Peer 1: 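Sending over a structure as structure tokens; questions will come in a sec.
Treat the numbers as computed from the prediction; the structure is a model and nothing was measured. Whatever order the structure lists them in is the order used to number ligands and atoms, beginning at 1.
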Amino acid sequence: MTKQIGDELPIHDFPTATSVDEFVRNIAEVRGKIAAAAERVGRAPAEVRLLPVSKTVPEDRIRLAVQAGCRELGENKVQEAKRKSEHLADLDVAWSVIGHLQTNKARDVAAFASEFQALDSLRAAAALDRRLQAAGRGLDVFVQVNTSAEPQKYGLPPEEVEGFLRELPNFSALRVRGLMTLAIFSSDIPRVRECFVRLRTVRDRIRDEDPALLGDGGLSMGMSGDYEVAIEEGATCVRVGQAIFGKRQTPDSFYWPDAAGEPDAAAADAR
Ligand SMILES: *Cc1c(COP(=O)(O)O)cnc(C)c1O
């Protein structure tokens, strides 16, 4: 596979978008890079869904992004997502929760989210299903896989994914759409790429065995710093925050317990 962007992820400054025009420009730039990455590996750009991630972004700027064309938004934290979905209820936006779920928040997710991308326990599946059944709703889910073998990171170890998927039909409100991962926090492209390859390999192996287990067999992988690599390795959904909204001030360790401990966390922060 051709590597177009060298072995080190570039450090971006991700300027903050503060007008509809700036959002239009940022989104167009990301879409252009998505298309180029897809075409490099002979994929159709339309196979890749762009999920804009609005965590930490205040509601007035989210409104600008929606005016610029964002129809779905990803949020890492349930409380923040819930508050925004309530305050922005006049907008036509589908909310995707992409961060770890504490089961006591399942009721909230069942009420406002249209997708949950970080499913990694049967406890969470059961809690969500119960709340969804009560609300008469369904929820698209991605099963999160730990592809970097960093011990504290959320997600199932690759070898447990198939067994986990075999339990999910017990929770009929959950519609499995595929697998999700976060790559290792590193600017070293080969190590990042390895995580994406691992997720694809898990997906392919399970699909060969029993295609019904995996729904569409989607792969949600890639963020602002590494989505082009992820697309080269088969991503069908990229979760992009900073490249659309601008650099985040909150350190990644707030969202991922291990981000601060990684030796090159500074480089990862700049991704
Ligand atoms: C914040 C976040 C992203 C997006 O990260 P950016 O660097 O802003 O593109 C993707 N996935 C998850 C799970 C996140 O929490």
Peer 1: Using only heavy-atom distances, determine whether the side chains of Asp129 and Gln133 contain a donor-acceptor pair under 3.5 Å.
Peer 2: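 Yes, a side-chain donor-acceptor pair sits under 3.5 Å.
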Peer 1: Between Asp120 and Leu156, is there a donor-acceptor pair closer than 3.5 Å when you use the side chain of the first and the backbone of the second?
Peer 2: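 No; zero donor-acceptor contacts below 3.5 Å.
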Peer 1: Kindly determine whether Arg40 and Glu232 satisfy salt bridge (Lys or Arg N to Asp or Glu O under 4.0 Å), including the steps that lead there.
Peer 2: CA-CA 7 Å; Arg40 278 202 289 281; Glu232 290 177 357; 2.7 Å; yes
Peer 1: Can you name the atoms of ligand 1, numbered from 1 with element, that are less than 4.0 Å from a heavy atom of Val240?
Peer 2: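 Those of ligand 1 that fall under 4.0 Å from Val240 are 9 (O).
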Peer 1: Anything under 3.5 Å between a donor and an acceptor, one on a side chain of residues 96-104, the other on a protein residue two or more places apart or in another chain? List them.
Peer 2:
residue	atom	partner	partner atom	Å
Ser96	OG	Glu115	OE1	2.7
Gln102	OE1	Lys105	NZ	3.3
Thr103	OG1	Arg123	NH2	3.1

Peer 1: Just let me know how Gln117 lines up against ligand 1, side chain, backbone, both or neither, with a heavy-atom cut-off below 4.0 Å.
Peer 2: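 It is neither; nothing of Gln117 touches ligand 1.
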Peer 1: Take atom CZ in Arg49; do more than 12 heavy atoms of anything else shown fall under 6.0 Å from it?
Peer 2: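 Correct, the count exceeds 12.
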Peer 1: Would you mind finding which of Gly74, Gly99, Ser224, Gly225 brings a heavy atom closest to atom 9 (O) of ligand 1?
Peer 2: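 Comparing heavy atoms across Gly74, Gly99, Ser224, Gly225, the nearest one to atom 9 (O) of ligand 1 lies in Ser224.
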Peer 1: Could you tell me whether Asn76 approaches ligand 1 through its side chain, its backbone, both or neither, with non-hydrogen atoms closer than 4.0 Å?
Peer 2: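 It is the side chain that touches ligand 1; the backbone stays farther off.
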Peer 1: Would one find an N or O of Gly241, backbone or side chain, under 3.5 Å from an N or O of ligand 1?
Peer 2: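 For ligand 1, there is an N or O atom that lies under 3.5 Å from one belonging to Gly241.
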